Structure formats: structure tokens, C-alpha cells
A.B. asks: 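First the structure, then my questions, so here it is.
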Amino acid sequence: MKHFYLTLLFLLTCTLVFGQTATIRGKVQSTGGKAIAKATVRLEGTKIVSVTNEDGGYELKEVPYGQQHIVVTSVEINPKRLPVLVDSRMHVLPIALELRGDIGLEEVRVEGKTEKRKIETSGFAVNVIETQEAATRNVQTNELLDRTVGVRVRQSGGVGAEVQYNLNGMTGRSVGIFVDGIEISTYGASFNLNNIPPAMIERIEVYKGVLPAHLSGDLLGGAINIVLNKRNVKNNLNASLSYGSFNTTQADVSGFYRDQKTGFTTRISGAFLNSDNDYEIWGKFSKYIEPNGVVRRNFRTKRFFDGYRSATARFEFGFSDVKWADSFFLGYNFSDVYNEIQHGQTMGTPYMGRTSQGQANALNLHYNKRDLFVKGLSLNVNGVYSFRNTAILDTVPWAYNWDGAIRLDLNGKPLKTLTGAQQGKPTHIDIDRQVANIRSNLAYEFIKGHRLSANHVFYTVDRKDTDLLNVVAAQEFRSKNNLSKNVFSFNYEASTLNDRLLTNLFYKLYQQTIGNTWYTSAQVGQQAVAVKEEVRDARTNSGYGLSVSYAIIPKVYLLTSAERAVRMPADSETFGSPEDNVLSNFSIKPEVSDNYNAGFRLGMYEFGNHRLSLSGNAFWRNIKDRIMPKANENISAQEIEVTQFINLGRAQTLGFEGEFTYGYKNKLTAMVNFSKFNSLFKQQYDDEGREMTYYNKQVPNEPFFTINGNVHYRFENLIQRNSQLNMFYTVGYVAPFRTIWPETDWFITPRQWAQNIGASYTFPSRRLIASVDVKNLFNAEVYDNFGVQKPGRGYYLKLSYSLFKF
């Protein structure tokens with residue numbers, strides 16, 4: 001396999017292929033210099049269309065060589081037809097037009113699909129989050145996701161805490177997290193969605209259930225794909241700095257440069273995030289234990305050992321829009337994180353001195369070429385090889401209360417933990433991982449509207465664990481683990497009935513190999529010797545599916561999809577993850593799910609100055625051997641420090657989600673969405689024929705009913721001419737849900753309402769933006785994974801600056 005990819009890389013970097021199409025980009029402005037947003041720019045006689053962004057920027061791709069005509073239309077300008085001679089791979093064409101007077105009712109505006117609209121009407125259950133507004137605010141990427149219909153971000157505490165993503169009842173590794181099509185886990189825990197500010201993101205794609213070809217893998221709950229900024233009309237440099245409550249500081253910088261003559265392109269980005277996370281807690285799971293053992297509940301105090309710090313840097317160099325490649329980049333990604341671990345899976349016992357620190361160095365390759373060798377043939381390759389290290393230190397022997405003080409016994413003496421450390425025995429674990437992840441996609445449009453594609457995912461991880469406190473002792477403290485997987489998928493995509501019917505039929509083949517080597521101590525005579533033990537396991541499965549989108553009339557779409565999906569256990573679920581308080585489980589099996597989605601999209605409809613859209617989706621999941629964190633069944637032992645991923649057995653999820661959006665002119669946007677489902681345990685009998693206690697009961701620790709709403713209003717020319725003030729309001733509701741299996745009121749995560757407000761001011765130069773946000777405005781009591789309380793009210797200020805024309 002390695003020889004194959006080395007050969008492929010050699011061919012890609014040495015072969016020059018002359019393309020038959022070009023890219024035209026530029027800006028549409030009035031003759032007075034005003035940027036024209038939402039203008040339609042189309043290539044006459046084709047379906048090649050672009051809609052200008054807020055800066056007036058547009059981009060037309062796959063434009064045939066020769067004499068062409070571009071037609072520009074908008075409600076603000078008089079239509080114009082421009083001739084252009086296409087004779088090179090890249091054209092920069094600025095367009096200046098006269099503003100028009102009053103618009104006649106008989107005029108018809110030609111509209112093209114935005115990238116968001118194209119994806120959301122492709123037949124999949126998918127939502128696209130645009131980040132342009134959020135980039136100017138004190139909003140993290142996870143917060144944007146948490147407001148999306150059907151998405152629940154499960155975060156065990158404040159900034160930097162362990163995060164899981166729930167999509168319509170599916171969670172954990174069932175949901176894939178991607179950055180430009182590569183699973184983010186490849187880069188290590190020190191590079192996550194909290195470390196990627198919205199300013200570096202072009203859009204976020206959220207697929208629920210069935211996945212498109214370029215995200216094929218062993219996933220069954222869906223995927224979140226972060227698409228980083230790449231399509232820049234002009235060279236730029238952006239920087240921002242924010243500061244807020246709990247000593248939270250965030251800074252990021254990103255830049256783009258392209259030489260128009262050679263196509264040489266550079267993309268750089270970096271981010272720093274720091275927080276003390278010393279927010280106040282007072283909820284039902286916060287407590288204080290007196291020396292006599294009396295427990296005071298709802299104890300009001302502050303978290304005292306929960307700091308988080310991360311730094312990331314990303315450098316990419318290559319070529320874009322040249323004859324031999326649409327894009328070719330070699331890159332390096334560095335990340336470093338330090339995390340103070342305040343408690344285990346629940347808030348039962350506070351820790352002091354247990355920390356994790358991680359570093360990752362990743363090398364990446366990206367190559368993309370349309371019309372490779374022949375017209376209609378395209379190749380896309382993404383590869384990452386990373387070196388990761390994680391160190392967990394835990395040697396403090398004292399027991400602590402939630403006020404940060406050491407607990408005392410009846411004699412006033414300090415209490416020690418039973419094991420000599422905060423979680424288990426004293427330890428200094430060093431974990432080294434080498435991870436390779438390569439995704440390849442070869443597609444061929446053999447007839448217009450009909451495309452075949454083959455996709456391959458290769459993933460491997462070699463992991464070595466060493467307890468540095470026991471290096472001299474027998475090798476029983478060392479272990480070696482390795483995991484590799486291959487996923488092959490084959491797709492047939494068709495666009496028929498004048499592009500009204502879109503279908504995608506696919507087949508997948510999954511293969512995984514797991515190896516574990518460890519040493520135990522055996523007594524031979526009077527001498528202890530190390531005995532090597534080894535486990536090997538190989539698994540193969542297959543899956544298949546179909547997605548369909550049908551436009552009944554313009555702007556009315558019916559969407560449906562179905563698949564048999566397989567999800568192999570991840571390395572962290574199999575080998576454990578000490579930094580996340582997760583134990584190993586070498587007997588865990590793959591989970592298999594039959595997924596079904598059926599939904600609709602209406603709009604965007606425009607009635608004068610009003611815009612409306614409505615969407616809905618019903619989903620059904622039947623899951624065998626579902627993989628999930630173990631929920632406690634013992635009411636008297638709820639102070640869970642560690643958990644373990646297990647196969648639950650059979651489970652079923654059935655639900656519905658909906659979203660409504662309203663807009664007025666270019667000023668007001670309001671949205672409300674909801675997701676409601678049941679997630680039931682459906683295994684009635686165990687392997688020995690005994691009836692299961694919780695048959696047909698709701699699976700615990702899952703929020704099954706959520707509502708999100710937001711309102712955004714824009715003021716133009718307020719305070720200063722050509723300035724812009726944006727006001728925001730968001731609200732989120734989570735219905736009560738059980739934290740554990742037994743039905744008891746005490747271990748129910750209570751009802752939650754969280755509200756946020758914010759404002760951003762764009763100065764006339766459009767270079768400087770200042771914003772302020774108040775999160776959890778009314779200091780509500782909010783919880784998340786395993787009943788961990790999240791931060792209360794917080795205030796945040798952010799400054800963003802953009803530099804162009806260099």
C-alpha cells in the first residue's frame with residue numbers, strides 16, 4: 001500500500017496535464033465603487049453560475065476555452081452582457097455596472113444556487129453552516145454546531161473539556177469529524193474544533209446518517225466536515241484577539257497569498273486559546289463533604305483546577321489553478337495542548353494535580369485535478385502522517401473538596417485518597433502514536449449527468465504506552481497496540497429529468513485489523529520474569545445505500561436516503577484513552593445500523609422584502625451492537641471517575657427535526673429549529689435467555705428533545721457612514737433526561753434554558769471589527785455529559801482586523 005501511494009505521489013508531482021477549462025473570478029461593483037452582493041453572474045448558454053458574496057466577489061469554474069459571454073443581473077444594477085476571451089487557466093475580471101432606479105414588477109431575476117443550496121438539495125440529510133457572521137464574534141465552532149438542527153455538542157465542562165457530538169441520537173465515533181475530508185483525530189486531541197476559529201472556516205457541512213462519496217468511511221451516525229478557507233479572490237491577512245470571563249483569551253491569524261502568474265499559493269493560520277475555567281458551580285451535583293461525612297448538596301463555589309491552553313499552527317505551500325493541478329499543497333500542522341483535569345466522568349470527586357499534555361506534528365498532502373488526462377476524469381487525494389505524544393501525570397495523594405481545600409478527618413488531619421493519587425494509583429503515562437490517514441477519490445463523468453467514483457480510506461495507528469514511574473520494573477507496565485483499517489466504496493451518481501432528480505447509489509467494503517501486545521509477570525523459581533501475551537483480530541463487513549433528491553417544482557425538494565452502515569471500533573475505544581478517563585475494551589465489536597431518512601426543503605421563497613424557508617426530516621435507526629460509553633446501573637455508586645465503551649446490544653432511534661427561517665430585506669434574519677427523538681434499548685433477552693431489565697427504555701445520558709432559536713438584525717450607516725452594526729440573540733432549550741439507567745428523580749439532568757446576546761460593529765474601512773458577547777445571559781443552570789455543570793454568565797470582547805492589497 002505504501003509503494004502504491006509513493007508511486008501515485010510521484011506521478012502527480014511529475015505529470016503536467018493541459019486542462020480544457022478555466023476559472024474566472026473577480027468583483028462586481030457599482031461605478032461608484034460599492035460592492036454588489038447577491039448579484040447573479042452566469043456564463044451565457046451554460047449552467048455555470050455564481051452568486052456574489054458580501055464583498056461582491058464571484059467565481060466561475062470549468063469555463064471552456066474560447067470566446068464566451070458573461071451575463072450579470074441584480075435588483076441593484078442594470079443587467080450587462082460582457083464578452084471575454086478565455087485562453088488561460090485563470091482570469092481576473094472586475095465588473096463595474098451602473099446602479100438602476102426603481103425596479104419594475106414585471107422584471108424577472110435569474111438566480112443560481114449557492115454552494116450551501118447545492119449541498120442541502122443533493123439528497124442527503126445535511127445542513128450547511130456559513131461562518132461569515134460568526135467570524136467577527138466571540139463564538140467558538142462548537143457553539144455554532146450546538147445551534148444547528150439535530151446537533152447536540154456534549155462537552156464535559158468549560159473550554160477544552162472532552163467533547164462528543166450527538167446527531168439525532170447517534171454519538172461518539174459513530175459521528176465522523178473531518179477537516180477538509182480528513183478525520184480530525186489524525187491530528188491528535190490537541191487539534192480539535194475548539195481550536196479552529198470560525199474566521200478560518202469557509203463553511204461547516206453536517207451530514208446526518210448517509211454520507212457522500214468524499215466522506216466515505218466506517219461511520220453510521222453521520223459526519224461534520226469543516227471546510228477551511230481556500231477560495232480567496234484577493235490576497236489577505238486576518239487577525240483577531242478576544243478576552244473574556246474566566247480569564248479566557250483567544251487569538252488567531254490567517255493569511256492567503258497567490259501569485260497570479262505562476263499560481264504559487266501559500267496558506268497559513270495559527271490560533272492560541274487559554275482559559276482558567278474557574279466558573280462558579282452551584283447545581284445539584286456540586287457538593288461539600290464535612291469531616292464527619294455529612295454531604296452538603298448544591299454547594300456554591302468555583303472550579304479551582306481546570307485550566308486549559310492550546311496553540312496550533314498550520315502552513316501550506318503549493319499551487320492552485322495551474323495546468324497540471326486545480327490545487328496541490330504540501331503542509332505542516334503543529335499543535336500543543338495542556339489540560340488540567342478537574343474530575344472524572346462525573347462531578348463526584350474534584351481532582352488536584354492530574355494533568356494531560358499533548359503535542360502533534362503532522363505532514364499533509366493535498367492534490368485535486370479535474371479533467372485529468374481526459375475530460376470528466378477527476379482525482380482527489382488527501383494524506384496525513386502525524387506523530388503524536390500524550391503525557392498524563394497524576395501523583396498528588398490528597399483528597400479534595402469542591403472549595404479547593406484538602407478534606408479533613410474528624411481529628412482535623414488531611415485525608416489521603418485510597419489509591420495514592422487522584423484517579424487510581426500514582427502514574428506518569430507516556431503515550432506515543434504514529435498515525436497515517438490517506439483518502440483517495442477517483443471519479444469519471446462518462447456521460448453528462450452520470451458519474452462513477454471509487455473511494456479508498458486507509459488508516460493505521462501504532463501506539464506505545466509506558467508508565468514512566470515504573471520504567472525499571474518488569475515490562476508489565478508497557479504495552480504496544482496497533483490498528484489499521486481500509487474502507488472501499490463505489491458510487492454511481494446520476495442527474496436526470498433536467499436535473500430535477502438526483503440519485504446516488506453506493507457500496508462499501510470495510511476491513512479492520514487490531515493487535516495488542518502486553519507483558520505480565522510470572523514466577524519462575526525465585527525469579528520474576530516477563531511473559532509476552534498477544535491478541536490479533538481481523539474483521540470484514542460490507543454496506544450499501546441510496547440517496548435521492550427530487551425537485552417537484554422549483555424550490556420544493558423531496559429528499560430521502562437509506563443505507564446499511566458499519567462502524568468499526570476506534571483505537572481510543574479499543575485501547576482506552578487515559579486523558580479522557582476511558583478504559584480499554586479489547587472485546588468490543590463493530591456496530592451495524594440500518595439508517596433511513598425522509599425529508600423536504602421549501603424555499604428560499606421571496607415575497608417582496610420577505611424571505612421564507614422551511615425544512616424537515618424524519619429519521620429511523622436500527623442498530624446492532626451499538627457502541628457507547630457505559631452508563632452506571634448502581635444508584636449508590638454514581639461518582640464515576642472512569643468509563644468504558646461497550647456494545648449496548650440492539651437499539652432503535654426514531655425521530656423528526658425541523659427548521660424555519662425568516663428574513664426581511666437584508667436586515668433581519670430569524671431562525672428556529674427543533675429535534676425530537678426516542679432512543680430505545682431494544683434487546684429483550686440476553687444470550688442466556690434472561691429478560692433484560694431496561695428493555696424498551698430510553699437510553700440514558702442522551703438529550704432527546706432540543707430547541708434552538710436566533711435573531712440577527714443589521715443596521716447600516718449607524719454612527720458612521722458606510723459602517724455596519726449587527727445585533728444577535730440566541731436561545732437554546734434542552735428537555736430533562738436521565739443520566740443513568742434507573743428511573744430516579746435525583747439523577748435526572750434538569751430542564752435547561754440558555755440565552756446569549758451579542759453585537760459587532762464594522763468600521764467604515766471594513767478592516768476593523770469590534771464585537772461584544774454575553775453568554776448565558778441570565779446565569780442559567782446548564783449541564784451536559786454525565787451531569788457536568790457548564791459555565792454561567794460570561795462577558796467577552798473581540799477585535800478583528802483584515803489587511804488586503806499586498
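Just so you know, residue 1 is the first one in the sequence shown, and it goes up from there. Everything quoted here is computed from the prediction, not taken from an experiment.
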A.B. asks: Taking the six-membered ring for Trp, are Phe778 and Trp753 closer than 6.0 Å centroid to centroid?
C.D. replies: no
A.B. asks: Under a 4.0 Å threshold between the charged nitrogen and the carboxylate oxygen, would Lys790 count as salt-bridged to Glu143?
C.D. replies: no
A.B. asks: Using a 3.5 Å distance criterion without hydrogens, assess whether the side chain of Asn401 forms a donor-acceptor pair with backbone atoms of Tyr288.
C.D. replies: no
A.B. asks: Could you tell me whether the side chain of Gln345 and the main chain of Phe786 form a donor-acceptor pair under 3.5 Å?
C.D. replies: no
A.B. asks: Is there a donor-acceptor pair closer than 3.5 Å between any side-chain N or O of Glu591 and the backbone N or O of Ile627?
C.D. replies: yes
A.B. asks: Less than 4.5 Å apart, any side-chain heavy atom of Asn127 and any of Lys208?
C.D. replies: yes
A.B. asks: Do Thr355 and Glu340 meet the criterion of a side-chain donor-acceptor pair at a distance under 3.5 Å?
C.D. replies: no
A.B. asks: When you measure from the side chain of Gln422 to the backbone of Thr417, do you find a donor-acceptor pair of N or O atoms at a distance under 3.5 Å?
C.D. replies: no
A.B. asks: Between the side chain of Asn673 and the main-chain N/O of Arg147, is any donor-acceptor distance below 3.5 Å?
C.D. replies: yes
A.B. asks: Identify the two heavy atoms, one from Arg433 and one from Val461, that lie closest to each other, and give their separation to 0.1 Å.
C.D. replies: CB-CG2, 4.3 Å
A.B. asks: Leu145 versus Ile129: any side-chain heavy-atom pair under 4.5 Å?
C.D. replies: yes
A.B. asks: Apply salt bridge (Lys or Arg N to Asp or Glu O under 4.0 Å) to residues Arg626 and Glu702 and explain how you reach the verdict.
C.D. replies: CA-CA 14 Å; Arg626 179 176 178 181; Glu702 283 195 354; 2.4 Å; yes
A.B. asks: Quick check: closest heavy atoms across Pro426 and Gly420, and the distance to 0.1 Å?
C.D. replies: CG-O, 3.4 Å
A.B. asks: Using a strict 4.0 Å threshold on nitrogen-to-oxygen distance, state whether Lys485 and Asp218 make a salt bridge.
C.D. replies: yes
A.B. asks: Flag the pair Asp462 and Lys464 as a salt bridge only when some basic side-chain nitrogen lies within less than 4.0 angstrom of an acidic carboxylate oxygen.
C.D. replies: no
A.B. asks: Is it true that Arg154 and Asp784 have a side-chain N and a carboxylate O under 4.0 angstrom from each other?
C.D. replies: yes
A.B. asks: Should Thr460 and Val435 be marked as a side-chain contact (heavy atoms from CB on, under 4.5 Å) after you check the CA-CA gap, both sets of side-chain angles, and the distance that decides it?
C.D. replies: CA-CA 6 Å; Thr460 181; Val435 183; over 6 Å; no
A.B. asks: Dump the intermediate steps for side-chain contact (heavy atoms from CB on, under 4.5 Å) on Gln342 and Thr349, then the final yes or no.
C.D. replies: CA-CA 9 Å; Gln342 178 72 100; Thr349 303; over 6 Å; no
A.B. asks: Do you see a donor-acceptor pair shorter than 3.5 Å between the side chains of Asn585 and Ser587?
C.D. replies: yes
A.B. asks: Is it the case that over 12 heavy atoms from other parts of the model lie below 6.0 angstrom from the CZ atom of Arg300?
C.D. replies: yes
A.B. asks: What closest approach, in Å, do Val149 and Glu657 show between heavy atoms, and which atom pair accounts for it?
C.D. replies: CG2-CB, 3.7 Å
A.B. asks: Indicate the atoms forming the closest heavy-atom contact of Ile748 with Thr739, along with that distance.
C.D. replies: C-OG1, 4.1 Å
A.B. asks: Please determine whether the number of non-hydrogen atoms from other residues, nucleotides or ligands lying under 6.0 Å from atom CZ of Arg650 exceeds 12.
C.D. replies: no
A.B. asks: Is it the case that Tyr351 and Asp394 place a side-chain donor and acceptor less than 3.5 Å from each other?
C.D. replies: no
A.B. asks: Assess, by modelled atom type and distance only, whether the side chains of Asn247 and Asp278 contain a donor and an acceptor separated by less than 3.5 Å.
C.D. replies: no
A.B. asks: Is it true that Glu290 and Arg296 have a side-chain N and a carboxylate O under 4.0 angstrom from each other?
C.D. replies: yes
A.B. asks: Do Arg738 side-chain atoms and Gln698 backbone N/O form a donor-acceptor pair below 3.5 Å?
C.D. replies: yes
A.B. asks: Does the pair Val734 and Arg751 meet the rule for a side-chain contact (heavy atoms from CB on, under 4.5 Å), with working shown?
C.D. replies: CA-CA 6 Å; Val734 182; Arg751 178 181 291 106; over 6 Å; no
A.B. asks: What is the minimum heavy-atom distance between Phe575 and Phe586, and which atoms define it?
C.D. replies: CD2-CE2, 3.4 Å
A.B. asks: Looking at Asn756 and Asn776, what are the two nearest heavy atoms and their distance?
C.D. replies: OD1-N, 2.7 Å
A.B. asks: Are Phe674 and Tyr733 an aromatic pair by the rule of ring centers under 6.0 Å?
C.D. replies: no
A.B. asks: For this output row, return yes or no: ring centroids of Phe299 and Trp402 closer than 6.0 angstrom.
C.D. replies: no
A.B. asks: Going by an N to O cut-off under 4.0 Å, is there a salt bridge joining Glu280 and Lys302?
C.D. replies: no
A.B. asks: Should the pair Lys775 and Tyr796 be classed as cation-pi, given the thresholds of under 6.0 Å to the six-membered ring centre and 45° from the axis?
C.D. replies: yes
A.B. asks: Distance to the ring centre below 6.0 angstrom and angle to the axis at most 45 degrees; does that hold for Lys697 and Trp741?
C.D. replies: no
A.B. asks: Looking only at the side chains, is there a donor atom on one of Tyr783 and Glu781 sitting less than 3.5 Å from an acceptor on the other?
C.D. replies: yes
A.B. asks: The test is side-chain contact (heavy atoms from CB on, under 4.5 Å); show your working for Asn696 and Lys682 and say whether it passes.
C.D. replies: CA-CA 5 Å; Asn696 220 32; Lys682 301 299 288 188; 2.6 Å; yes
